[in-house]
S.K.: 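Pasting in a structure now, in structure tokens, and then I'll have a few things to ask.
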Amino acid sequence: MYVDVLVPGIWWHPLTYSTPQIVETGCRVVVPMGPRGGKRVGFVLAVKEKLDEKPSYEIKEVTEVLDQVPPLNEELWSLSEWISRQYLCSQSEALRLMCPPQVTKGCNVDHQDLSRQKPSRGTYQERCFYEASDEKRYARYVDIIEEAGYGLVFFPEETVARSFWDILPCHIKKKGLLWPSGGGKKGFDAWLKTRRGEVSVIVGSAGLLFAPLAPIDFILIEEEASSSYNFARYPYISLRHIAAKRAQTWGATLIFGGRMPSSRVYLLKKPQLEEKPKGQIHFVNIRKASCLELPGVARGIPISSTLLTSSLDAVNSGKIALWILDRKGYVGEISCEECGWMMTCPECGSLCRLTRDIVVCPICGKRYEMPTVCPSCMSNFIMGRRPGIEALYRIARSLVDPAIPVHTWYKEESGKKRRTMVLNDLKDGGIIVGSRLSVTFCDDCLVGMIGWVDADAEARRPLYDARFTAFSMIWESRCRGKDPDSRNVIVQSRTPYRGWQRGLRRGWHLFWDEELAERRELGFPPFELLVEITGPLKITDDILPSLDKSGFAVYKPIADEGRLWVKTKDLKNMREALKPFFHISRSKVGFPKIRIWRD
């Protein structure tokens, strides 16, 4: 007897082994693989009495059968097949993502018969609820959970999921579960508990996506437009897309919620905003603002009098003022004012930035000393450009009394302990200077003012969804957290209250109507899929003619970079064209990675 086994790896096909034992599809087996007697755990894809053809290689025997019955139910097994087709990845990679590490490493799983956990033929429904007020949305969610049976409730951030769990009534918590963050033993225990049917409602963030809950009556996705639902590691899946598939399979109700909808939901459902946020929003022309000078910086940061006055008002009333600039370090560029030379990383060619008196490459992380002389013209007139958070901190610090706390906040300087320290220090008011992550402080304290120091920066990114990212961040800052109605939002821009910014005052329906009209014309998501293929230059250069031959229009934006873009609606034919590049025989050459943008 022979079995096709899905061994976790980027290759798309199963590996064939022989076995004297009877084994069921979906069960885990230990198989020999690799040099020096290596062993791997895989999932049985198919069982065969005999092979269709005599193989040109030696077929090895299965080392051990780990399961009497499959560890995943029918719905999750079928979902792994669907993911492999929809995301152009291997089914084995989908299974690795779906299962706790303990399962893919071969740990014991209860031999529980899951054959009865078959999706029912209920009526799939979609509902939308978009409300600026967090408090009103959460109250509605509690009502939904009260009325429904078994379900999953997703939040884009673990801290927000925990806060929502805390407000749930005790009788819901008794039958529910707050999904642990970080996985590990707690995550595995939660997975086993759910698999045994001991819970009916689960609240959590992205790690909850493949919880083995059965049946599923509803799935609720809070802030469904959040980019946090797009997985940052390969395979690059979309939580909202897969959660919708799970709801469809179970005939469940899918609830989209949040402060604003994603492009696809707005296009298909045309939801309405229940009530516009009441907080004040002010647009300031950054060209008319004063440019405050900074040591070693050719051009300082424009700070308007409106932002300064509003910041002082917030601090003097015991509230927090947030200054947001998505640019880390002291300066984002280092250049020679005489000849225009720009300092780039010798390793990867990226522009270097200065942070804490050290020159750092933001791409590869290499560190260098700050040059004192230009290597091109030997001038000593070396200056920084595009000042960042560290430079902005100096301005904020000089604005207020030394007794008033001022802190920085961005990814590299975050964490639970530091957050607790910052919150304690700011209990009577102060200023936080940081990246967009600073907006999360609205959940924990009274933020009286949020200043977007350079609102155009995010919209300038060379990506099709740049304007949406900029709009959604500022919209969130208007209505997130405690007492948003008394909050002022200052938007510093070179083109204030024009283009995409008009919707910030009039509503996201105006933003999406204009944005989608342009995307339709250009064939961008959600009207077509945008497929990004990356890898070593040699691999992408081999892929390009193959896709060309299959009739796909391929874009290669930078000639010497291993990146291709394809707009398509036909993933089936694209999978066939790419299939040869995902065979295990290419392991030494390497494999490309694929990301699919849907909205």
S.K.: Can a salt bridge be assigned to the pair K556 and D541 using a cut-off of 4.0 Å between side-chain N and carboxylate O?
M.R.: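 Yes.
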S.K.: Taking atom CD as the centre, does Q68 end up with more than 12 heavy-atom neighbours from other residues, nucleotides or ligands that are less than 6.0 angstrom away?
M.R.: no
S.K.: How about K411: does its NZ atom have over 12 heavy atoms from other parts shown lying under 6.0 Å from it?
M.R.: no
S.K.: Is it the case that more than 12 heavy atoms not belonging to E369 sit under 6.0 Å from its CD atom?
M.R.: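 Check fails, neighbour count at 12 or below.
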S.K.: Is a side-chain donor-acceptor pair under 3.5 Å present for S226 with R240?
M.R.: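 No, S226 and R240 have no side-chain donor paired with an acceptor closer than 3.5 Å.
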S.K.: Salt bridge check, K185 against D189: does any charged N sit closer than 4.0 Å to a carboxylate O?
M.R.: yes
S.K.: Under the criterion side chain to side chain donor-acceptor pair (under 3.5 Å), I'd like the reasoning laid out for E390 against T355: C-alpha separation, chi angles, the key distance, then a yes or no.
M.R.: CA-CA 8 Å; E390 290 177 25; T355 178; 2.5 Å; yes
S.K.: Report the residues that fulfil salt bridge (Lys or Arg N to Asp or Glu O under 4.0 Å) with E93, sequence neighbours left out, ordered by chain and then residue number.
M.R.: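 Once residues adjacent in sequence are excluded, the partners of E93 under the salt bridge (Lys or Arg N to Asp or Glu O under 4.0 Å) criterion are R96.
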S.K.: Anything under 30° is parallel, anything over 60° is perpendicular, the rest tilted; go ahead and classify Y464 against W597.
M.R.: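 Answer is perpendicular, since the angle exceeds 60°.
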S.K.: Regarding S205 and E157, is there a side-chain donor-to-acceptor distance under 3.5 Å anywhere?
M.R.: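 No, because no side-chain N or O of S205 sits under 3.5 Å from a partner of the opposite role on E157.
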S.K.: Which residue pairs satisfy the side chain to side chain donor-acceptor pair (under 3.5 Å) criterion with at least one member in residues 542-555, sequence neighbours excluded?
M.R.: none
S.K.: Hey, are Y87 and H241 close enough side-chain-wise for a donor-acceptor pair under 3.5 Å?
M.R.: yes
S.K.: Is it true that, when you exclude R460 itself, more than 12 heavy atoms of the residues, nucleotides or ligands shown sit nearer than 6.0 Å to its CZ?
M.R.: yes
S.K.: What residues, two or more places apart in sequence or in another chain, satisfy ring pair (Phe, Tyr, Trp, His ring centres under 6.0 Å) together with W12?
M.R.: F582
S.K.: With a 3.5 Å cut-off and sequence neighbours excluded, list the donor-acceptor pairs that the side chains of residues 15-24 form with protein atoms.
M.R.:
| from | atom 1 | to | atom 2 | distance (Å) |
| --- | --- | --- | --- | --- |
| T16 | OG1 | D4 | OD1 | 2.9 |
| Y17 | OH | P32 | O | 2.9 |
| T19 | OG1 | Q21 | N | 3.1 |

S.K.: Assign the ring pair Y236 / Y234 to parallel, tilted or perpendicular, where the plane angle (0 to 90°) is split at 30° and 60°.
M.R.: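 Rings of Y236 and Y234: perpendicular, as their planes differ by over 60°.
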S.K.: Would you say the side chain of K39 lies within less than 4.5 Å of the side chain of M33, judging by non-hydrogen atoms?
M.R.: no
S.K.: Report the distance from atom CG of L208 to atom CG of L239, rounding to the nearest 0.5 Å.
M.R.: 8.0 Å
S.K.: What verdict does the side chain to side chain contact (heavy atoms under 4.5 Å, CB included) test give for I596 and L88, after you've listed the backbone C-alpha separation in whole Å, the side-chain angles of each residue and the deciding distance to 0.1 Å?
M.R.: CA-CA 9 Å; I596 300 176; L88 301 181; 4.1 Å; yes
S.K.: Go through the structure and list residues passing salt bridge (Lys or Arg N to Asp or Glu O under 4.0 Å) with R28, not counting sequence neighbours.
M.R.: D67
S.K.: More than 12 heavy atoms of other residues, nucleotides or ligands under 6.0 Å from CG of D110: is that the case?
M.R.: yes
S.K.: Between M370 and L354, does a side chain to side chain contact (heavy atoms under 4.5 Å, CB included) hold up when you go through it step by step?
M.R.: CA-CA 8 Å; M370 179 68 179; L354 180 67; 4.2 Å; yes
S.K.: When you look at I242 and Y229, which way does the side chain to side chain contact (heavy atoms under 4.5 Å, CB included) test go after all the steps?
M.R.: CA-CA 10 Å; I242 293 172; Y229 289 135; over 6 Å; no
S.K.: For the residue pair S262 and E224, confirm or rule out a side-chain donor-acceptor distance under 3.5 Å.
M.R.: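 The criterion, which ignores hydrogens and geometry beyond distance, is satisfied for E224 and S262.
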S.K.: For R563, which residues count as a salt bridge (Lys or Arg N to Asp or Glu O under 4.0 Å) partner, sequence neighbours excluded?
M.R.: E532, E561
S.K.: For the side-chain hydrogen bond (donor to acceptor under 3.5 Å, both in side chains) test, which of R598, R575, K245 pairs with Q86?
M.R.: R598
S.K.: Between T249 and E75, does a side chain to side chain donor-acceptor pair (under 3.5 Å) hold up when you go through it step by step?
M.R.: CA-CA 7 Å; T249 302; E75 182 248 340; 5.2 Å; no
S.K.: L79 vs F210, test: side chain to side chain contact (heavy atoms under 4.5 Å, CB included). Steps then yes/no.
M.R.: CA-CA 10 Å; L79 185 66; F210 300 111; 3.8 Å; yes
S.K.: Could you report the tightest heavy-atom contact between I202 and W179, atom names first, then the distance?
M.R.: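 In this case the closest contact between I202 and W179 is CG2-CE3, 3.7 Å.
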S.K.: Using a strict 4.0 Å threshold on nitrogen-to-oxygen distance, state whether E333 and R353 make a salt bridge.
M.R.: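 Looking at R353 together with E333, the answer is no, because their closest N to O distance does not fall below 4.0 Å.
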